[in-house]
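All values below were derived from every heavy atom in this structure, side-chain atoms included, with hydrogens, water molecules and symmetry-related copies excluded. Chain naming here is simple, since letters A, B, ... match the order of the sequence lines and numbering starts at 1 in each.
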Number of protein chains: 2
Amino acid sequence: MSNERSFAYTPRVTRRQEILQTAGDLFQRNGYHATSMREIARNVQLQGSSLYAHIQSKEELLRNIVDEAAETFLAAARQVDGSLPPPERLRGLVRAHLGVIRDRLPHATVFFHEWAHLPPDLQRELIERRDAYQAIFRGTVEDGARDGSFVVEDAPLATLFVLSSLNWTYQWLDPYGRLSLDALAERYASLLLGALGADPTDGRGRP
Amino acid sequence: MSNERSFAYTPRVTRRQEILQTAGDLFQRNGYHATSMREIARNVQLQGSSLYAHIQSKEELLRNIVDEAAETFLAAARQVDGSLPPPERLRGLVRAHLGVIRDRLPHATVFFHEWAHLPPDLQRELIERRDAYQAIFRGTVEDGARDGSFVVEDAPLATLFVLSSLNWTYQWLDPYGRLSLDALAERYASLLLGALGADPTDGRGRP
DNA sequence: CCTACCGATCGGTAGG
DNA sequence: CCTACCGATCGGTAGG
């Protein structure tokens, strides 16, 4: 009859996002391999098998999370005006990076911790984007060395140094901490500009 | 009779070390939860169950590795003479930290990535040692701020900055890289001293 | 150090 | 979205 129940289930659009966010939180807290699909399902009030109406596999969850994080970092850095003087540009990059950490802490953490558990072809793609990200920083350091706003004897190492100090911040940055994002970014950038030998009397550097 | 085979097996002393080192390598490469006991066993030419003649559990492996790494970091920092002037002391701490990374890369990586998978009481103990480690750095930064060898407006943040730049180095430090440990540590310390506003004309700072 | 084995749990599928 | 279920694999034990 016309009132027969259809078994072709059409998932809501938002449900997938809910699953991805929950997976991100659990992967952040317990790690990818230590998180079971049933655990994710429980947290979104589903049976384990029902997840597969919304996603294809556990790996797809990780891929989505890591991919979005990589894209967010890269997009934020690309927002920074590349024609700014190197010190201002670095301030912008620091602010961008810390902003992503603050706003996307679970995804960023999963990105840093679990990307190596993806298959080799996806890893290669991620490494490419990481290199593109690093190139933005390296270009800034090198431009500053060239125009004299920075004093660096080893630009590749200085770039690694800058990125190291930023990358680790996901370990301690508290989105609800004592400092506003702007204040934190300003101080962090000031420390980095000091490391790069920028003139402390120039602009907002230390007096 | 007197020649009966005894089934009480007495493990060799070195075998345990071999298992621990292999586990460290595999945990580093694939992560703790993604590494199976049978995989470890295969790499030391044993049956999976035979591992338990040498160790008590998989968790004990992780505990040993993480514990040794934490102890190595702390011991290295404590080797640095606390009566040195703050800039020299920081140079020593940088050199100590990078030395541990270089010499104990697998264990250090597992420490940073997997310590959160240990039970809460062990986590607390590790956090205590991490705090002790950080306190050595904070003391150095504060001493330098007090005696004028550093210029820092926010000592807690500056300490986090120093530790962040060091902690991330396990991601890229190549024990067989282009720079010797001494050269690398010298340059890295020089960057950090610049961040802390140390007088560049003082000692081995930038001219 | 091995053989044999166990209960639990895993990611995922069939079918409706 | 659920019920029922599968093969594979997990960490670990018994017993010698």
### Message
Which heavy atom of B:Ala23 sits nearest to which heavy atom of B:Leu61, and what is that distance?
### Response
CB-CD1, 4.0 Å
### Task
Give the minimum heavy-atom separation between B:Leu166 and B:His97, together with the two atoms involved.
O-NE2, 3.3 Å
### Task
Choose from D:dC2, D:dG11, C:dG11 the nucleotide whose nearest atom is closest to any side-chain atom of A:Leu46.
D:dC2
### Task
Give the ring-plane orientation class for B:Phe111 versus B:Phe73, where under 30° counts as parallel, over 60° as perpendicular and anything between as tilted.
tilted
### Task
Using only side-chain N and O atoms of A:Ser50, determine if any of them is under 4.0 Å from OP1 or OP2 of D:dC2.
yes
### Task
Give a yes/no answer on whether the side chain of A:His54 brings an N or O atom under 4.0 Å of OP1 or OP2 in D:dC1.
yes
Could you check how far [atom1] of [X] sits from [atom2] of [N], rounded to whole Å?
X: B:Tyr52; N: D:dG15; atom1: OH; atom2: C1'; answer: 17 Å
X: A:Met37; N: C:dG11; atom1: CE; atom2: P; answer: 7 Å
X: B:Lys58; N: D:dG11; atom1: NZ; atom2: C1'; answer: 8 Å
X: B:Glu18; N: C:dC1; atom1: CD; atom2: P; answer: 9 Å
X: A:Arg38; N: C:dG11; atom1: CZ; atom2: P; answer: 7 Å
X: B:Ile40; N: C:dC1; atom1: CD1; atom2: P; answer: 15 Å
X: A:Glu39; N: C:dG11; atom1: CD; atom2: C1'; answer: 14 Å
X: A:His33; N: C:dT9; atom1: NE2; atom2: C1'; answer: 15 Å

### Query
Who does D:dG11 pair with, Watson-Crick or G-U, both distances under 3.5 Å?
C:dC6
### Query
Which is true for B:Ser57 with a 4.0 Å heavy-atom rule: it touches a base, it touches only sugar-phosphate, or it touches nothing?
sugar-phosphate
### Query
NA contact type, B:Ser36, heavy-atom cut-off 4.0 Å: base, sugar-phosphate, or nothing?
sugar-phosphate
### Message
For a 4.5 angstrom cut-off between non-hydrogen side-chain atoms, does B:Leu157 reach A:Tyr188?
### Response
yes
#### Entry: Min side-chain heavy-atom separation B:Leu184-B:Arg102 under 4.5 Å
no
